[in-house]
Every structure is written in C-alpha cells, then in structure tokens.
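Contents: one structure, followed by commentary.
Predicted model, so just to flag it, every value in this text is computed and none were measured. Residue numbers start from 1 in every chain, and the chains themselves are labelled A, B, ... in the order their sequence lines are given, proteins ahead of strands.
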Amino acid sequence: MRKIFVAFVCSVLWIIQPAVSSFAQPPEFLSDLKATSFEGQTKRFGQFYLVPDVDVTSDGFGGYFYSYKDKRGNKTTTNRLDSLPKGLLTAGKPVQVAFNDATGMPVRVAESQTSQHEVSGPSTHDESGELEGEIYDPIEPVNRAFFHFNDKLYFWVLKPIATGYEKVFPEPLRVSVRNFFHNILMPVRAINCLLQGKIEGFGTEITRFIVNSTIGICGFSDAAKTAFNIEKRDEDFGQTLGFYGLGPGIYINWPLLGPSSIRDTFGIVGDGFLNPVNYVEPAKYCIAIKAYDQINKTSLSLGQYEALKKAAFDPYISLREAYYENRRYKIRE
Amino acid sequence: MSIHFLRVSLFLFFTLVMALPSFAGQPMEQIRETTDRIIAIVSDPVLKSPEKAKERKRLIRQAVDERFDWEEMSRRSLARHWKQRTDDEKKEFINLFGKLLERTYLEQVGNYSGEKVLYLNETIDESGFGDVRIKIITKQETEIPVRYKVKKNGDGWYVYDISVEGRSLINNYRKQFQRMPYKKLLKQLKAKVTQE
C-alpha cells in the first residue's frame, strides 16, 4: 500500500513539475500579471501556457474564437468568447496568447513575434467546421462504446433498483444517507483545499465535519449548513491538479465511472487514498457500501439523465461537453 | 395648500428619478420579475388541476417568451450553419428550437416544489451584454449556481444563454450541431418537437 502511495505521489510530482518550473521565468508580456491578477485568475505563472501563433477570428455576432496548432499539430479552437482580453485591438492579426491551462481561457494577448504567419480572414473559421471540442477526444469510438454500456447499465440495472429503493424509503431519509456519505469524505475535500492553499476552505471542512458528526448525528444531518450556515467546499484531487495548471489531457468515458479525463482519473486514484470507505475490509463490504451509496445517490437524481438525453441531439457529445465545462467551472471557483 | 402640493410633487419627482434608471437598466430586476411570475404560476393551486394544464403551460410559455431571445440562442447554437441559411430557414429553425428549449424548461419548472431562488449579482458592459448570477436551493438542500447571459434590446434585457454549474446550454448545443449536417439536424429537431 505504502509503495503504491509513494509511486503515485512521485508520478504526480513528475506531472506537475513543468508547471512548477515555469514559475521562475514568466514571459515578458506576462510580467505585469503578478501585480494585476487578471480578472480574478491566480497569479501563478505555472498555470499559463503560451502559444506564439494564434488566429483570432470574429464569429460575426460580436464574439471571438482563438485557433492555433497545439503540440501534436492538431488544430485547436477555444470556445466562443464574448469579448477580447485587454491588450488586443483587432481580430484577424496573429497574436501570442497566454492561456490558462485549466480553464482553457486566454488571459493575456500580445502581438505575435513570428512573421511568416499567414493572416486568415475573419470567418474562415466558421466554415471550417473545426469547432469540435476543446477537450481532446482521440479515443472517441472506445468512449462511445463505453457510453453505450453505461447507458444500458443505467436503464437496465441502476434505474430499476434505484426506483424500487425510492418507493420504499422516504426522501428525507435518503437525503440523510447522502449527507452521511458526504460527511465521511471530509478528508478528500479538506486535504485538497490545503493542497491548493485554500486555508479557509480547509478550516471550513474541518469545522463542518466536527459539527455534522456531533450535532448532525454522525453526519446524517447537515447541521453546519442549516444551523450555522457554513457552506460546503467541493474540492477533489482532479481540481487540485487543474488548479496547478494541468489540463484535462484526453477525454475518457470510463465504464461504470462515467465521464472523466486523464487528469481526473489521476484525481480519482489520489482521492481514493483519502476515502475511508476504501479501507473497509474485506473488499466485498467496501464494494457493497459503494454500490449502496451509488443507488442512494441515483434515487435522488432520477430523471436527470433522462432529461439530458431527451434534450440532446447527440447525448454522447452533450454529456462530454457538460462534463468538461462543469470541471472547468469547478477549477475556476 | 401650496406647500403641500410642492411637497407631493417633489416627492413624486424624486421617486420617479430614483425609480426610472433602475427600471431601465437592471437585468437582474427583470430576471427576478420573470422568475417570480413563473413561480407564481407554477405554485398556483387552481392551475394545478389536470384540466387547467394547458392554461398553465400557456401562461408559463408567455412569461418565458418575454424574457428569452430565441433568435440569439438559435444563431449562437447553429454558428457555422446559420450563415448558410435563408431567412425562411432561419425563421423555421428559431421557431422549432425555441419550442424545444421552452419544453425542456417547462419540464424542469413543472416539477417546482418550493425551491428557493437567491439573486447574487449582475454585471453589465458598455456593449450591451450582461450577466446575472443566481442560486437555486432545492428542497434536498442542494445549491445550484445558475448564470444567465443577457443582451440588451431597447429597454429590456433578454436571455441568450443559461449556464448551470458552468455548463452552458448554448455551447452544449453548438458542439452537438457542429458535426451534424443541417438536414439531419432539422429532421431530428422536428421529431423532437412533435413527440410529446
């Protein structure tokens, strides 16, 4: 167990090492960022990545897209932005851009240093049809197969069980069970607050755990929220890695676990060490507890997946984008 | 008598001056107004009976229609497809897409059971775009942050995108539409709107 943990920590350090080492020398046009902190973004330079040649194209409705070739030579395009960040006057000129790796958003723009670049006219981008996902999805066929598997698993197994369970147990009870499982995951949230330097969040989580475990009767009631109005903090190791500038890598739709990415898979493994349920022995009890937690959670969110599917034209893409945007949002928070 | 008159007119003048700008320029106020109206409709016990279902739907639809900019939503979702459409095709799409979004929205608010809405803050920029952030607290005590993106048109602010916990509705549709041929997309949309 110990060896696995050490190996895991080492590999994480290895991954975040380029991000940390870039702390030292910020590119020149970013040097003032330290003082200004662009719109609430963190000041850390390790969080940015710099792209020397970026096309900025107008979408014709007052918004802009950034497109560039990434390390692998693939054309990448950002989501539509409502306005250009400060420092950029006109669209259509190639520029160098500092992107926030975790959010994918440009934070600082300067004129491009390379001159051999072809200036592409506005709206060429619109016709190219290469708006496809910011999250890189090279194993889409495999992901789609697993998506299909998870879909069937939900409708054939999880949903019938959760519906039966929902009929038998009243909602307040199921909410209590959810609160209980949420409470015992305190180490995950607290430690990740700490890893991100959010000392206040760490304190909040510890306080919540103490209050909910005592006044809240073993965590079945969220007394910290209802009586003392202490908000919970939602942090996990995937977010911590994102906070230090690690991008999602590629999209992975795991069987059973659902939407994830390389980064967040590392996150799940890391958080596994802090999840008390994983220390339950023998393993069959551990699995049973997790299955029960899942059924209980599902019973409280019946209909949500159905709604997503009903509104979607391509549920796989809809789920993928929803996952990606939600993770980005959580990292930014 | 004249002093009284002066006092009254001064009072009226000041209240008007104070009230007018806040009325014309506040997206959050307008979102709140619409939300309150919809909550009033969905929690009205008279409208809850099955025979009133149609009336209830119509009232919600009316309230939603007044605050949502279906054209802007269609335009942003279609992106590259939009430019290749004729005016008639655009109109057709706006109508159908609006209906789909409306229905999705109706199904969500249809289950309303005393959720609370907190109005957090708003931002406006000079070019006439704004942001309204709210928080919905469900009866299971889960908090859902919601962000409305609004665009100014005349005196009103109209919603062109909704993000729930960072998931933008319009981005999601755009990503789905990008790879589909328009014909297939339209066919699917029609099927979705007609199936009830």
Side-chain angles (χ1 to χ4, degrees), chain A residues 59-63 65 77 79-80 82-83 103 123 125-135 171-172 174-176 178-179 182 221-222 225-226 231-232 234 300-301 303-304 306-308 310-333, chain B residues 72 75-84 97 100-101 103-105 107-108 111 113 125-131 135 137-143 145 147 149 151 160-161 163-181 184-189 191-192 195:
Chain A
D59 71 346
F61 313 117
F65 294 106
T77 302
N79 272 340
R80 184 190 172 284
D82 280 335
S83 60
T103 63
S123 87
H125 173 71
D126 268 0
E127 264 74 53
S128 72
E130 280 182 292
L131 272 170
E132 190 38 52
E134 244 188 288
I135 186 156
E171 192 176 278
R174 286 178 286 129
V175 172
S176 299
R178 188 197 61 190
N179 287 343
H182 184 86
S221 144
D222 191 353
K225 177 76 183 74
T226 46
E231 301 274 348
K232 60 180 157 212
D234 180 20
L300 288 165
S301 61
Q304 284 179 8
E306 289 86 333
L308 176 135
K310 201 177 169 191
F313 288 71
D314 184 340
Y316 169 76
I317 293 189
S318 181
L319 190 68
R320 187 183 73 193
E321 290 312 313
Y323 172 75
Y324 177 59
E325 291 205 319
N326 180 242
R327 290 300 290 178
R328 233 176 27 178
Y329 171 81
K330 283 186 171 169
I331 291 166
R332 234 180 299 175
E333 282 296 284
Chain B
E72 194 67 21
R75 201 209 312 242
R76 283 167 192 268
S77 306
L78 276 184
R80 74 187 178 95
H81 291 301
W82 180 262
K83 288 192 174 171
Q84 298 154 6
F97 192 52
L100 176 72
L101 295 179
R103 203 188 57 196
T104 313
Y105 185 81
E107 277 164 10
Q108 295 301 312
N111 307 326
S113 46
D125 69 9
E126 321 85 61
S127 51
F129 288 92
D131 247 348
K135 212 180 228 180
I137 301 169
T138 69
K139 59 178 191 312
Q140 300 167 3
E141 294 158 29
T142 339
E143 295 186 353
R147 177 177 166 196
K149 286 193 172 190
K151 194 184 169 188
Y160 70 85
D161 195 4
S163 294
V164 180
E165 293 179 300
R167 292 174 277 236
S168 145
L169 181 74
I170 296 306
N171 279 352
N172 200 300
Y173 273 118
R174 190 176 54 237
K175 291 274 161 65
Q176 296 178 57
F177 291 164
Q178 283 320 301
R179 282 204 300 195
M180 273 186 198
K184 187 182 162 199
L185 193 163
L186 190 68
K187 206 174 135 194
Q188 229 180 313
L189 179 58
K192 272 187 189 298
Q195 79 169 227

Contact part of [X] toward chain B, heavy-atom cut-off under 4.5 Å: side chain, backbone, both or neither?
| X | result |
| --- | --- |
| Glu171(A) | side chain |
| Lys330(A) | neither |
| Arg327(A) | neither |
| Ala311(A) | both |

Can you tell if the side chain of [X] reaches within under 4.5 Å of the side chain of [Y], non-hydrogen atoms only?
| X | Y | result |
| --- | --- | --- |
| Leu169(B) | Tyr105(B) | no |
| Arg76(B) | Asp161(B) | no |
| Arg178(A) | Thr142(B) | yes |

**Study point:** chain A contact via Ser168(B) - which portion, at a heavy-atom distance below 4.5 Å
**Key:**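 Both backbone and side chain of Ser168(B) come within 4.5 Å of chain A.
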Review point. Does any heavy atom of chain A fall under 4.5 Å from the side chain of Leu189(B), the backbone, both, or neither of them?
Key: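 Backbone plus side chain of Leu189(B), per the 4.5 Å heavy-atom cut-off to chain A.
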Exercise for review: Output yes when a side-chain donor or acceptor of Arg80(B) lies under 3.5 Å from a complementary backbone atom of Gln178(B), and no otherwise.
Suggested key: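 Yes, the answer is positive, given that a donor and an acceptor are paired below the 3.5 Å cut-off.
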Exercise for review: Would you mind telling me which of Asn326(A), Asn179(A), Asp314(A) has the largest number of heavy-atom pairs within less than 4.5 Å of chain B?
Suggested key: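 Heavy-atom pairs under 4.5 Å are most numerous for Asn326(A).
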Practice item. Decide whether a cation-pi geometry holds between Lys192(B) and Phe313(A); the criteria are a distance under 6.0 Å from NZ or CZ to the six-membered ring centre and an angle within 45° of the ring axis. Key: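 Flagged: Lys192(B) positioned over aromatic ring of Phe313(A).
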Point to revise | Side-chain ion pair, Glu325(A) and Lys175(B), N-O less than 4.0 Å | key: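 Salt bridge flag = no for Lys175(B) with Glu325(A).
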